[in-house]
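Working notes, structure below.
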Amino acid sequence: MNKYLEINPEVQAALKENKPVVALESTIISHGMPYPQNVETALKVENIIRNEGAVPATIAIIKGRLKVGCTPEEVDYLGKEGAKIPKASRRDISYLVSKNLSGATTVAATALIAAMAGIPVFATGGIGGVHRGAEETFDISSDLEELAKTKIAVVCAGAKAILDLGKTMEVLETKGVEVIGYKTSFLPAFYSTSSDFPVNHRLETPEEIASLMKTKWELGLDGGVLVTNPIPEEHSIDRKIIDQAIEQAHEEMVSLEITGNKTTPFLLAKIKEITKGKSLNANIALVYNNALLAAKIAKAFAEII
Ligand code: PSU
Ligand code: MN
């Protein structure tokens with residue numbers, strides 16, 4: 001066991017007994033949503049997973065420790081401190097740990113820490129991907145790189161709509177990551193149920209997804225599986241409306257010269273402002289929906305391994 005890992009006893013026991021565990025990220029808490037909705041959402045997500053019979057493991061770096069299964073107090077700390085806590089992707093982990101600092105882990109960092117702990121399923125809102133204008137900025141999230149090499153299934157509502165979804169799909173194809181549509185043939189677009197881009201394969205049940213994961217890893221094909229789960233229709237935002245908001249937010253971002261890892265938090269906050277909070281409600285609803293599906297997949301996977 002990696003000496004920097006600190007797995008909470010409940011998660012540890014579940015892993016030992018081969019019971020279902022679902023990993024959760026913490027960038028969404030500190031950087032993705034305002035306080036107090038971020039903490040409320042994070043704790044409710046954990047309850048949804050528990051009610052489904054799986055154990056939640058919120059992952060973050062707390063004072064230099066790779067925490068697998070944050071306590072409610074730690075979740076509250078991550079939410080209250082918000083953007084004061086550094087956003088931690090793969091490249092930030094060694095620095096934070098060596099300095100005994102804290103970090104809110106992105107999809108990339110969460111996936112790699114979850115895999116170190118042996119957790120095969122992870123729920124989030126939307127993964128990072130290829131940003132619009134990447135041909136100029138080269139801004140491609142390290143989430144894609146991590147998905148290519150980490151043995152984990154990531155359940156999301158598609159890539160965030162602020163991204164270039166077509167280019168994101170292309171990079172995932174290049175890296176050999178299967179993009180599964182759960183009951184959908186088209187990639188969900190985070191706030192909206194669907195985009196124009198076909199998914200790689202459509203599956204109808206958590207059991208089929210678990211079976212694909214098992215088969216992939218038995219075949220010796222390392223790397224992750226991306227499970228895309230459309231936002232429930234009643235919480236979705238019309239594509240035309242959200243596209244307008246995204247465009248406006250994007251223009252502001254360019255004129256303010258915001259770049260690098262500040263772009264995602266800026267865009268999410270701006271879109272919330274433009275949509276008068278509608279995007280935040282959608283974001284919360286889709287995270288709940290993903291947590292539920294992830295718990296079902298984790299249960300199905302625990303049954304067959
Ligand atoms: N999904 C959300 N809100 C978020 C994120 C995803 O609904 O805040 C975060 C995730 O942690 C993801 C990160 O890994 O944004 C991507 O950031 P970047 O593009 O800088 O890699
Ligand atoms: Mn980036």
Side-chain angles (χ1 to χ4, degrees), residues 23-35 37-38 41-42 45 58-61 78-79 82-83 85-93 103-114 122-148 150 152 154-165 167-168 171-172 188-192 224 226 228-229 231 235 237 242 246 249-250 253 258-272 275 278-291 294:
L24 299 161
E25 62 147 313
S26 45
T27 293
I28 190 169
I29 305 175
S30 301
H31 296 264
M33 289 182 192
Y35 182 79
Q37 286 99 327
N38 53 5
T41 304
V45 161
T58 298
I59 291 178
I61 303 173
L78 290 164
I85 299 194
K87 180 172 159 182
S89 203
R90 171 183 269 266
R91 63 173 188 175
D92 310 296
I93 296 175
T105 50
T106 63
V107 168
T110 305
L112 85 88
I113 295 169
F122 163 20
T124 182
I127 59 158
V130 182
H131 279 266
R132 299 180 186 198
E135 59 277 20
E136 286 290 326
T137 62
F138 273 50
D139 191 348
I140 302 174
S141 174
S142 92
D143 291 358
L144 302 184
E145 211 63 57
E146 213 57 49
L147 267 166
T150 308
I152 199 158
V154 179
V155 182
C156 67
K160 272 165 295 185
I162 54 175
L163 301 167
D164 186 321
L165 298 185
K167 291 195 180 82
T168 300
V171 172
L172 286 167
F190 200 67
Y191 301 117
S192 335
L226 188 65
T228 65
N229 184 28
I231 183 172
H235 296 289
I237 306 180
I242 197 70
I246 293 168
H250 210 270
M253 181 192 88
I258 288 163
T259 57
N261 72 357
K262 301 274 184 291
T263 56
T264 299
F266 174 83
L267 288 171
L268 292 175
K270 198 82 224 169
I271 292 164
K272 178 192 161 217
T275 61
K278 257 190 107 177
S279 67
L280 178 61
N281 293 337
N283 199 343
I284 292 170
L286 66 85
V287 172
Y288 294 159
N289 194 43
N290 295 343

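Counting starts at 1 for both ligands and their atoms, in listed order. The figures that follow rest on heavy atoms only: side chains count, while hydrogens, waters and symmetry mates do not.
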Any heavy atom of N283 under 4.0 Å from ligand 1? The part involved is side chain
Under 4.0 Å between heavy atoms, the region of T264 that gets near ligand 1 turns out to be side chain
Do L226 and C156 make a side-chain contact, defined as non-hydrogen atoms from C-beta onward lying under 4.5 Å apart? yes
The answer for which part of D143 has a heavy atom under 4.0 Å from ligand 1 is side chain
*Considering distance alone, does some N or O of N261 sit under 3.5 Å from an N or O of ligand 1?*
no
Looking only at heavy atoms, the pair that brings T228 and P188 closest together is OG1-CD, 3.3 Å
Under a heavy-atom criterion of less than 4.0 Å, does M33 contact ligand 1? no
Restricting D139 to its N/O/S atoms, the closest one to the Mn ion (ligand 2) is OD1
Practice prompt. List the steps and the verdict of side chain to side chain contact (heavy atoms under 4.5 Å, CB included) for I29 and T58.
Written response: CA-CA 10 Å; I29 305 175; T58 298; 4.1 Å; yes
ask   = Would you say the side chain of R132 lies within less than 4.5 Å of the side chain of I246, judging by non-hydrogen atoms?
value = yes
Quick note on ligand 1: atoms under 4.0 Å from a heavy atom of G32 include exactly 8 (O)
In ligand 1, the atoms that come under 4.0 Å of a heavy atom of T27 are 9 (C), 11 (O)
Near T106 (heavy-atom distance under 4.0 Å), the atoms of ligand 1 are 11 (O), 14 (O)
#### Entry: Under 3.5 Å: N/O of H31 near N/O of ligand 1
no
Within the 4.0 Å heavy-atom cut-off, what L268 brings close to ligand 1 is side chain
Review point. Is any side-chain heavy atom of I242 less than 4.5 Å from a side-chain heavy atom of I271?
Key: yes
Taking only non-hydrogen atoms of F190 and a 4.0 Å limit, the atoms of ligand 1 in range are 7 (O)
Note: heavy atom closest to atom 15 (O) of ligand 1, options K160, K87, K262, belongs to K160
Exercise. State whether the shortest distance between N or O atoms of S142 and N or O atoms of ligand 1 falls below 3.5 angstrom.
Key: no
Looking only at non-hydrogen atoms, the one of G125, G126, S30 nearest atom 1 (N) of ligand 1 is G126
Here the atoms of ligand 1 under 4.0 Å from any heavy atom belonging to H131 are 19 (O)
Tightest non-hydrogen contact, residues D143 and A108, listed as OD1-N, 3.0 Å
Here the atoms of ligand 1 under 4.0 Å from any heavy atom belonging to E25 are 6 (C), 10 (C), 11 (O)
Within 4.0 Å of some non-hydrogen atom of S141, the atoms of ligand 1 are 18 (P), 19 (O), 21 (O)
In T168, I127, D139, the residue satisfying side-chain contact (heavy atoms from CB on, under 4.5 Å) with L163 is T168
Taking the side chain as every heavy atom from C-beta outward, state whether T263 and I162 have any atom pair closer than 4.5 Å.
no
